[in-house]
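The next block holds one structure in the form of structure tokens; read it before the comments.
Bear in mind that the values here come from a model prediction, so they are computed numbers and not experimental data.
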Amino acid sequence: LLEMTHPDDRDQIEKAKSQKTIARPYVVEYRIALPDNSWRWIREKGFPVRDDEGEITNIAGLAEDITQSKITHQQLRLFETVIKSVPLGIVFSDATRPDNPLVFVNNGFELITGYSSAEVIGRNCNFPSSTELVQETGFADSSADDDSADGSSVHSNYTTPAGRSD
């Protein structure tokens, strides 16, 4: 198995399966090469099996292909990075809770509105209103709110008022 394992992962496998470590349960994740030269991620869990005297007689465990989980996790990290860093104001609210509170705002929202995430997280998603944004930031809402049948809303396209240079 070790020769099929990605070179960067071999040390952690040897460490997890060392005599000193094997006396207790272990979990290790590593990549293995398939015959078509593709790589698969494996999560291996093992634990010692002991006899009546407490001596280790065997190691039991299982190996699980977690490739899709790793790919999904990488995609979510990329999505999170993009959402946090895009220069547009993005907010998420929880439509399953009463008053539809904000649960996330990105840096773009903070820059556009002047409100920090700490000031608005947990508040109703209709905060701040378009009127408040115009009064406090000089931005005007150039599109109507789109209220969907499922209770979600889209508030977008805040633009600078005519005559303002920013």
Please tell me whether Ile32 and Tyr26 are part of a single hydrophobic cluster in this structure, the criterion being side-chain heavy atoms less than 4.5 Å apart.
yes
Heavy-atom check, side chain of Arg43 versus side chain of Val27, under 4.5 Å
yes
Just wondering, are more than 12 heavy atoms of other shown residues or ligands nearer than 6.0 Å to CG in Asp36?
yes
Quick check: closest heavy atoms across Pro7 and Trp39, and the distance to 0.1 Å?
CD-CH2, 4.4 Å
Identify whether Val28 and Ile59 are in the same connected component of the hydrophobic contact network (ILVMFWY, side-chain heavy atoms under 4.5 Å).
yes
Under 3.5 Å: donor-acceptor pair, side chain of Asn124, backbone of Asp99:
yes
Are Asp8 and Arg31 close enough that some pair of their side-chain heavy atoms sits under 4.5 Å apart?
yes
Please check this pair: side chain of Glu14 against backbone of Asp11, looking for a donor-acceptor N/O pair closer than 3.5 Å.
no
Are the side chains of Val120 and Phe109 in contact, using a 4.5 Å heavy-atom criterion?
yes
Going by side-chain heavy atoms closer than 4.5 Å, which hydrophobic residues are tied to Val86, directly or by a chain of links?
Phe79, Ile83, Leu88, Ile90, Phe92, Val103, Phe104
Hey, what do you get for CD1 (Ile42) to CG (Asp9), rounding to the nearest 0.5 Å?
11.0 Å
Hey, what do you get for CG (Leu62) to CD (Glu64), rounding to the nearest 0.5 Å?
7.0 Å
Walk me through whether Ile71 and Gln75 qualify under side chain to side chain contact (heavy atoms under 4.5 Å, CB included).
CA-CA 6 Å; Ile71 291 168; Gln75 291 171 338; 3.9 Å; yes
If you measure from OG1 on Thr5 to CD1 on Ile13, what distance do you get to the nearest 0.5 Å?
4.0 Å
Going by heavy atoms in the side chains, are Ser117 and Glu110 under 4.5 Å from each other?
yes
Give the C-alpha distance, both sets of side-chain angles, the deciding distance and a yes or no for side chain to side chain contact (heavy atoms under 4.5 Å, CB included) between Arg40 and Leu34.
CA-CA 7 Å; Arg40 302 299 290 182; Leu34 298 181; 3.2 Å; yes
Is Glu80 close to Leu76 at the side-chain level, that is, under 4.5 Å between some pair of heavy atoms?
no
Distance-only side-chain donor-acceptor flag, Tyr30 / Gln12, under 3.5 Å:
no
Determine whether a donor-acceptor pair (N or O, by modelled atom type, separation under 3.5 Å) exists between the side chain of Thr57 and the backbone of Val49.
yes
Classify the side-chain pair Ser93/Asn100 by whether it contains a donor and acceptor separated by less than 3.5 Å.
yes
Indicate the atoms forming the closest heavy-atom contact of Arg24 with Pro48, along with that distance.
C-CD, 3.8 Å
Taking the side chain as every heavy atom from C-beta outward, state whether Lys70 and His73 have any atom pair closer than 4.5 Å.
no
